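Every value quoted in this text rests on a predicted model; they were computed, and no experiment measured them. Labels below follow one simple rule: chain letters A, B, ... track the order of the sequence lines, proteins then strands, and each chain is numbered from 1.
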There are 2 protein chains.
Amino acid sequence: MSKEHGDLKSGHDDKADVIQSVAMALQILETLADKDADIGVTALATALGTTKSRIHRHLRTLVSLGYISQSEETERYRIGARLIALGKAASGSADLSSVALPHMRALRDATGHAVSLGRVEQDGIRILNTLAGNMQIEVGVRPGSLLGFTNSAQGKVALAAMSDKDRAALIPSKLPAATQFTITNRDEFWAHINTVRDQRWATAPNEAMLGLNALSCPIFDADRTAVATIAIVSLTQYIETPPDPMQIRAVSEAAERISTQLGCPNYVWES
Amino acid sequence: MSKEHGDLKSGHDDKADVIQSVAMALQILETLADKDADIGVTALATALGTTKSRIHRHLRTLVSLGYISQSEETERYRIGARLIALGKAASGSADLSSVALPHMRALRDATGHAVSLGRVEQDGIRILNTLAGNMQIEVGVRPGSLLGFTNSAQGKVALAAMSDKDRAALIPSKLPAATQFTITNRDEFWAHINTVRDQRWATAPNEAMLGLNALSCPIFDADRTAVATIAIVSLTQYIETPPDPMQIRAVSEAAERISTQLGCPNYVWES
DNA sequence: TGATTTTGTCTCGCTATGCGATACGATGTT
DNA sequence: AACATCGTATCGCATAGCGAGACAAAATCA
């Protein structure tokens with residue numbers, strides 16, 4: 001498929017060949033969506049730089065379809081119930097597991113290591129899905145299991161990616177030690193979280209289990225809150241300290257792609 | 001404005017005179033939004049009963065505008081980030097207070113009594129806005145104040161409209177008595193809540209303050225959860241037991257209209 | 001109150017625009 | 001290797017959507 005269509009002569013931006021009616025309708029919806037107050041035909045026309053006739057025709061169809069509604073007293077227009085429902089449906093359809101799966105596969109193929117996807121819950125990272133690595137020995141966590149916030153790469157990166165008060169609400173009073181490499185000193189742990197936030201990834205060599213390591217990045221949703229994590233999991237000898245920059249980039253890009261598909265406007269951490 | 005345009009001869013449904021391109025584009029978005037899996041051009045064309053060309057052209061523009069995105073491996077289409085963002089913006093713009101205000105006014109004018117709007121919070125109903133009634137004596141609650149779940153019409157109707165486990169999480173261990181008419185017996189209170197759920201409205205004569213009564217209905221949002229309440233507040237002699245059916249209908253209709261504008265698909269209680 | 005502006009709505013001819021039919025290359029299936 | 005099916009591109013044509021303008025009802029002003 002995918003014919004090249006190298007149209008060199010007419011250096012057209014890809015803003016061409018879009019159906020103008022559709023573009024206009026969506027522009028109207030966008031404009032209406034981020035105004036809090038109702039807005040009239042004339043104001044809309046001047047705001048979008050087109051004629052009143054056009055706007056009015058579009059408003060009529062959008063009202064007729066239920067996506068916007070018109071106030072009865074003042075005759076201005078506002079967002080309608082159906083657009084809200086559409087938005088809800090859209091968010092709901094962006095299911096984390098299904099969206100992430102192809103990117104998990106790509107990450108596994110790029111690194112050769114096991115990949116795990118986790119959701120941020122009240123008391124840890126719940127593993128939703130894992131992909132086995134390309135090696136003989138089977139490592140990795142079981143789907144359904146819960147990783148601690150303090151002794152896993154996924155947990156630490158989730159903590160580091162959220163706001164200070166959210167973090168304070170989640171961090172346990174005691175730092176449980178799974179191995180002798182787990183950080184249990186409170187101050188030391190906070191400093192470590194700050195480092196994680198700066199470097200935008202986390203590892204946890206030998207922290208959960210001796211000989212194992214993971215490299216994790218956070219996944220943000222449309223509200224730009226860290227709702228999930230993705231990680232590669234392997235032996236400590238394959239994920240070194242610090243990890244191969246190629247590995248970091250691979251995990252980070254997977255996280256970014258998934259975040260974008262979830263509606264995250266841009267993959268940057270909150271400050 | 002509002003020209004009558006009584007077009008009697010051509011008994012046309014209002015499905016005419018909509019811009020077909022826009023209708024098609026929105027149909028595509030709707031279809032894509034409630035499918036969880038990606039979907040291809042051909043499937044979409046047969047599902048919507050039109051040609052592949054048309055669908056493909058629309059998909060191209062929607063992709064170009066960012067509302068949907070195309071998988072790179074399989075060349076199928078899915079919901080895009082921008083649609084999710086639009087939905088979020090739409091929900092956010094449906095602000096409860098501003099949406100409710102005109103309906104509150106209509107309710108006040110229809111009944112002559114004070115009207116109050118409350119939001120369901122963790123430990124009670126927070127009064128967001130009130131409109132004074134058309135009577136000499138000033139009754140009603142102050143905006144900002146918090147009504148109890150057990151001794152106000154608004155609180156009881158909110159409890160009755162939510163699911164059993166949500167209700168169990170909210171109901172206080174002790175039933176505080178504001179007056180001697182407040183229900184303090186636990187079994188009796190639960191039975192009363194069931195009655196409220198069946199009749200779909202609640203009153204609280206003399207329960208919060210002697211001589212005062214309120215008639216309240218719940219307001220649902222796009223998720224069909226009870227997020228707010230609306231009520232008329234007056235003297236017990238004007239809101240009788242049981243209340244005038246006209247009053248019940250007026251409050252209920254206001255609640256329904258507000259719910260609809262918030263994106264609630266249909267004003268029915270959860271079972 | 002009456003004059004004036006501004007609003008939302010409607011009409012009408014024109015042509016740009018989105019349409020259907022068809023074809024093509026690529027992929028996967030038997 | 002033949003086949004079915006996929007997404008994509010092309011191309012006239014007629015229709016659908018467009019702009020300009022007119023109109024009445026409100027809102028605003030005098």
Side-chain angles (χ1 to χ4, degrees), chain A residues 1-10 12 14-28 31-32 35 37-65 68-78 102, chain B residues 1-10 12 14-28 31-32 35 37-65 68-78 102:
Chain A
M1 316 174 184
S2 73
K3 197 173 288 184
E4 273 318 310
H5 185 254
D7 195 345
L8 294 183
K9 46 182 175 293
S10 74
H12 70 309
D14 37 61
K15 71 168 203 174
D17 67 349
V18 302
I19 303 182
Q20 280 95 337
S21 324
V22 174
M24 174 57 64
L26 288 168
Q27 255 189 72
I28 292 177
T31 312
L32 235 56
K35 298 285 180 187
D38 302 358
I39 190 168
V41 179
T42 316
L44 215 37
T46 56
L48 297 181
T50 183
T51 58
K52 258 196 321 181
S53 319
R54 191 137 104 107
I55 294 292
H56 181 250
R57 209 173 316 124
H58 276 270
L59 287 174
R60 270 180 58 80
T61 80
L62 289 174
V63 165
S64 179
L65 295 175
I68 66 182
S69 70
Q70 186 175 20
S71 163
E72 296 187 3
E73 39 209 51
T74 164
E75 289 170 303
R76 299 212 166 116
Y77 296 85
R78 75 163 67 91
Chain B
M1 317 178 182
S2 73
K3 197 174 287 184
E4 273 317 311
H5 186 252
D7 196 345
L8 294 183
K9 46 181 172 290
S10 74
H12 70 308
D14 37 59
K15 72 167 205 176
D17 66 350
V18 303
I19 304 183
Q20 279 95 337
S21 323
V22 174
M24 174 57 64
L26 289 168
Q27 255 188 74
I28 292 177
T31 312
L32 236 55
K35 297 287 179 187
D38 301 358
I39 189 168
V41 180
T42 315
L44 215 38
T46 57
L48 297 181
T50 182
T51 58
K52 259 199 316 185
S53 322
R54 192 138 104 105
I55 294 293
H56 181 250
R57 209 174 318 122
H58 276 271
L59 286 175
R60 271 182 59 79
T61 79
L62 289 173
V63 165
S64 178
L65 294 175
I68 67 182
S69 71
Q70 186 175 19
S71 163
E72 295 187 4
E73 39 209 50
T74 164
E75 288 170 305
R76 300 212 168 120
Y77 296 85
R78 76 163 66 90

Find the distance [X]:[atom1] to [N]:[atom2] and express it as a whole number of Å.
| X | N | atom1 | atom2 | value |
| --- | --- | --- | --- | --- |
| B/Leu62 | D/dT8 | CG | P | 13 Å |
| A/Asp38 | C/dT7 | CG | P | 15 Å |
| B/Leu59 | D/dT8 | CG | P | 8 Å |
| B/Arg57 | D/dT10 | CZ | C1' | 11 Å |
| A/Lys52 | C/dT11 | NZ | C1' | 14 Å |
| B/Arg76 | D/dT8 | CZ | C1' | 15 Å |
| B/Met24 | C/dC19 | CE | P | 8 Å |

Any residue meeting salt bridge (charged side-chain N to carboxylate O under 4.0 Å, His left out) with A/Arg57, in chain and number order, not counting sequence neighbours: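 If we apply the salt bridge (charged side-chain N to carboxylate O under 4.0 Å, His left out) test to A/Arg57, skipping adjacent residues, there are no hits.
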If you only use heavy atoms from C-beta on, which nucleotide in [options] is closest to the side chain of [X]?
| X | options | answer |
| --- | --- | --- |
| B/Thr50 | D/dG19, C/dG20, D/dC6 | C/dG20 |
| B/Thr51 | C/dC10, D/dC18, C/dA21 | C/dA21 |
| B/His58 | D/dG7, C/dC19, C/dG8 | C/dC19 |
| B/Gln70 | D/dT8, C/dG20, C/dC10 | D/dT8 |
| A/Ile19 | C/dG20, D/dA22, C/dG18 | C/dG18 |
| B/Arg54 | C/dG20, C/dT7, D/dC18 | C/dG20 |

Tell me whether the side-chain N/O atoms of [X] come closer than 4.0 Å to OP1 or OP2 in [N].
| X | N | answer |
| --- | --- | --- |
| B/Gln20 | C/dG18 | no |
| A/Tyr77 | C/dT9 | yes |
| A/Thr42 | C/dG8 | yes |
| B/Arg60 | D/dA9 | yes |

Test side-chain contact (heavy atoms from CB on, under 4.5 Å) applied to A/Leu44 and A/Leu59, step by step: CA-CA 10 Å; A/Leu44 215 37; A/Leu59 287 174; 4.0 Å; yes
Pairwise distance CG(B/Leu32) to CG(B/Leu62) - rounded to 0.5 angstrom: 9.0 Å
Please find the pair of heavy atoms, one from [X] and one from [Y], that lie closest to each other, and give the distance.
| X | Y | value |
| --- | --- | --- |
| B/Leu65 | A/Ala23 | CD1-CA, 3.8 Å |
| A/Ala45 | A/Ile55 | CA-CG1, 3.7 Å |
| B/Ser21 | A/Val22 | O-CG2, 3.7 Å |
| A/Val18 | B/Ser64 | CG1-OG, 3.5 Å |

Name of the residue among B/His58, B/Lys52, B/Arg60, B/Arg54 meeting side-chain contact (heavy atoms from CB on, under 4.5 Å) with B/His56: B/Arg60
Sugar-phosphate, base or nothing in reach of B/Ser53, heavy atoms under 4.0 Å: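 The residue B/Ser53 makes base contact.
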Structure string for DNA chain D in dot-bracket form, Watson-Crick and G-U at under 3.5 Å, | interchain: |||||||||||||||||||||||||||.|.
Residue whose closest nucleotide on DNA chain C lies nearer the 5' end, A/His56 versus A/Val22: A/His56
